[in-house]
There are 2 protein chains.
Amino acid sequence: MSESAPRPTLEAVAARAGVSRATVSRVVNGSDGVREPLAERVRRAVDELGYVPNQAARSLVTRRHDAVAVIVAEPETRVFADPFFARQLRGISKELTAHDNQLVLLLTEDRDDHARVARYLAGGHVDGALVFSLHVDDPLPGLIQRAGLPTVFGGRPHWNGGEDGVRYVDTDNRGGARDAVRHLLGLGRRRIAHITGALDQTSAVDRLDGFRDVMADPDPALVEEGDFTAASGERAMRALLARRPDLDAVFAGNDLMAAGALRALREHGRRVPDDVAVVGFDDMLPIAEQTEPPLTTVRQDIEEMGRLMARLLLRDLDRGTAPAESDGTGPSGVVLPVTLVRRDSA
Amino acid sequence: MSESAPRPTLEAVAARAGVSRATVSRVVNGSDGVREPLAERVRRAVDELGYVPNQAARSLVTRRHDAVAVIVAEPETRVFADPFFARQLRGISKELTAHDNQLVLLLTEDRDDHARVARYLAGGHVDGALVFSLHVDDPLPGLIQRAGLPTVFGGRPHWNGGEDGVRYVDTDNRGGARDAVRHLLGLGRRRIAHITGALDQTSAVDRLDGFRDVMADPDPALVEEGDFTAASGERAMRALLARRPDLDAVFAGNDLMAAGALRALREHGRRVPDDVAVVGFDDMLPIAEQTEPPLTTVRQDIEEMGRLMARLLLRDLDRGTAPAESDGTGPSGVVLPVTLVRRDSA
DNA sequence: TTGAAAGCGCTAACAA
DNA sequence: TTGTTAGCGCTTTCAA
């Protein structure tokens with residue numbers, strides 16, 4: 001640091017206003033019980049000195065940090081391929097800053113990262129955590145639980161149905177999948193295939209379940225597993241075409257895979273939607289609108305999901321409620337609605 | 001918080017190991033000067049108690065936070081439309097965590113946000129700042145300067161050429177643009193148009209300059225301003241076609257605009273690359289590879305850019321150097337190389 | 001309503 | 001090499 005003037009302390013403000021530190025603290029923190037003429041004097045001193053409270057000192061005594069960790073566990077794949085992530089972050093950021101909380105971002109990739117994250121959470125830097133993109137074998141939830149931090153998950157956790165007070169926000173994946181398939185049926189399609197997402201994520205499983213809800217007893221040859229990437233969609237589509245060249249529709253687990261499927265279909269000379277109708281999921285604009293033809297897809301409000309996660313967490317924090325005690329104090333799982341957006345692919 | 005056991009303090013560890021607090025502190029912080037048998041005893045006590053230092057207490061005395069603010073100033077547009085942002089963040093995150101620093105993310109949109117950010121930076125929560133996506137009229141740099149925080153900018157700041165010790169990392173936008181246009185010339189194209197990015201950002205200006213470097217004295221009718229979005233690319237392409245129906249190539253300021261241009265060209269029945277060759281910029285995979293045809297484009301290593309920004313900042317922090325004093329202590333502007341990636345569009 | 005004073009958990013002189 | 005001690009800047013009883 002350079003020789004810039006040292007930041008003014010409470011002490012300095014108190015001296016200038018001719019009051020005690022305690023009084024300044026009260027004014028700064030908005031607790032009433034300071035009479036008007038005095039309070040005004042303090043406020044002026046604060047302005048004149050450009051006083052900003054030292055957060056470290058404050059945290060030391062309050063044990064609050066007004067900061068929330070956002071943990072994104074996604075090795076390479078999806079997060080960085082589509083704008084999903086940025087959207088969610090923005091929703092979270094808006095809600096947090098509206099409540100004067102900071103967003104500490106923790107990106108994890110390797111196993112090594114987990115130790116680091118665990119240490120960080122245990123270090124008491126943040127008041128709570130928001131967690132994304134869990135896979136079935138992820139050790140993260142355990143680590144977080146041990147740190148005893150209030151937590152809200154993005155997406156239904158796989159280890160339970162949300163009945164034990166674990167907080168999460170999810171999209172209506174199953175309902176959206178049903179809508180998509182029903183739409184295809186309404187178009188007169190009967191041999192409808194499904195390209196699933198990575199089945200170690202609940203979103204992919206739920207979408208598959210929705211597909212099965214409507215298709216009753218689908219030919220197993222009409223289901224192919226992907227992993228949410230465009231490449232996997234392309235590969236899956238080829239496999240499906242090889243097995244069931246007579247298929248007349250595809251419901252892809254997300255838009256990226258739908259885009260891949262479109263390529264495979266084009267390569268095989270199938271016209272979309274004439275020969276094969278295609279529906280995606282997510283409605284990621286830069287993808288869904290740019291494909292040829294533009295995608296009919298299931299829209300979810302990603303930003304709202306982020307906002308809601310933050311809101312739920314902040315509510316718990318205000319209550320001073322630890323995760324284990326939160327039963328009955330509010331919904332533990334919130335599911336956001338989706339809507340089918342019709343474009344040209346189906 | 002629930003009645004979870006209070007976290008052990010230095011004091012507790014000291015008691016258990018039968019030493020003083022100072023000794024424990026030394027061991028924990030890895031300063032030598034503690035003899036082996038003792039050090040080992042301390043380490044065991046730390047493990048047994050699961051001791052993790054209280055960061056607030058530490059910061060209070062060290063005035064270090066081991067945290068860096070990442071400020072992204074982008075109202076709506078680009079950041080959330082392409083995966084640029086996520087990539088850069090990942091690069092930053094990797095470098096920061098490798099040096100045990102935390103990433104505090106500040107997303108700004110409105111003017112209101114600036115006050116908040118200023119307050120936050122002044123509050124002394126972070127040791128430095130990384131700043132992105134500045135536009136010419138942005139008040140942010142001033143606010144940051146006033147907070148006296150070491151800062152590294154992503155992209156060349158518009159207010160100077162980098163001669164006064166302002167640290168930044170940029171892509172070789174001008175050189176990349178030259179490569180793109182030369183490539184088109186090499187293909188025998190002569191009536192080459194350019195769709196610019198938002199000209200209140202230096203990256204867009206530099207790319208335009210590169211275009212002009214090679215085209216010498218281009219027909220003004222061959223240049224149209226966009227804003228880095230796909231929609232603007234589409235619109236710009238239409239305008240160009242209307243003015244110069246004889247054009248035989250387009251260099252778009254980024255891939256998203258190139259994708260938009262492709263749509264406009266298709267709509268007008270122009271074949272790519274036969275009738276019109278198209279080159280983009282960025283090489284954002286999910287876009288550049290998915291277009292029809294796949295894009296020839298200028299690749300920049302976004303993740304490396306993020307990593308480098310973090311590295312530069314950390315170096316300044318280690319030196320305890322404030323931005324104003326940093327002249328001559330290292331490069332103030334670093335420019336990363338680009339490479340032309342050939343696909344099918346040119 | 002205001003002030004005095006104790007202490008949050010840690011580091012860093014300084015002494016031993 | 002190890003321990004003692006004085007704060008870092010703030011909030012929060014408790015007394016006045």
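Given the structure is predicted, the values throughout are model-derived calculations rather than measurements.
- Ion pair Arg43(B)/Glu36(B) flagged as a salt bridge, since at least one NZ, NE, NH1 or NH2 atom sits closer than 4.0 Å to an Asp/Glu carboxylate oxygen.
- When the side chain to side chain donor-acceptor pair (under 3.5 Å) test is applied to Arg311(B), the partners found at least two apart in sequence or on another chain are Glu95(B).
- Scanning for ring-ring contact (aromatic ring centres under 6.0 Å, His included) contacts around Tyr120(A) gives His125(A), with sequence neighbours left out.
- Of the possible donor and acceptor atoms, one in the side chain of Arg7(B) sits under 3.5 Å from a partner among the backbone N and O of Gly123(A).
- To the nearest 0.5 Å, the span separating NE2 on His65(B) from CG on Asp127(B) amounts to 5.5 Å.
- Residues meeting the side-chain contact (heavy atoms from CB on, under 4.5 Å) test with Arg63(A), sequence neighbours left out: none.
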In the 5'-to-3' direction, what one-character label does each nucleotide of nucleotides 7-16 of chain C receive under the scheme B = base within less than 4.0 Å of a protein heavy atom, S = sugar-phosphate only, - = no such atom? -BBBBBB---
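- With sequence neighbours excluded, the residues forming a side-chain contact (heavy atoms from CB on, under 4.5 Å) with Val34(A) are Thr23(A), Arg26(A), Val27(A), Leu38(A), Ala39(A), listed by chain and number.
- Rounded to 10°, the helix from dT1(C)-dA16(D) to dA16(C)-dT1(D) has 40° between the axis fitted to its first five pairs and the one fitted to its last five.
- Salt-bridge check for Arg315(B) with Asp318(B): failed, with every basic side-chain N at 4.0 Å or more from each acidic carboxylate O.
- The structure places CD1 of Ile71(A) at 9.0 Å from NE2 of His114(A), a figure rounded to the nearest 0.5 Å.
- Looking at residues 115-126 of chain B, you'll see that no heavy atom sits under 4.0 Å from any atom of DNA chain D.
- Chain A approaches DNA chain D over the interval dG9(D) to dT13(D), counting the first and last nucleotide 5' to 3' with an atom under 4.0 Å from its heavy atoms.
- For Asp170(B), the side chain to side chain donor-acceptor pair (under 3.5 Å) criterion is met by Asn173(B), not counting sequence neighbours.
- We find the CG-CG distance between Leu317(B) and Leu312(B) to be 10.5 Å, quoted to the nearest 0.5 Å.
- Legend: residues meeting side-chain contact (heavy atoms from CB on, under 4.5 Å) with Ala12(B), ordered by chain and number and at least two apart, are Pro8(B), Thr9(B), Leu49(B).
- A heavy atom lying under 4.0 Å from DNA chain D marks the following residues of residues 36-43 of chain B, by number: Leu38(B).
- A salt bridge links Asp100(A) with Arg119(B): the closest approach of a Lys/Arg side-chain nitrogen to an acidic carboxylate oxygen falls below 4.0 angstrom.
- Heavy-atom minimum distance, Arg167(A) versus Thr151(A): CB-O, 3.7 Å.
- Residue pairs that meet the side chain to side chain donor-acceptor pair (under 3.5 Å) test with at least one member in residues 45-54 of chain A, sequence neighbours left out, are Arg16(A)-Glu48(A).
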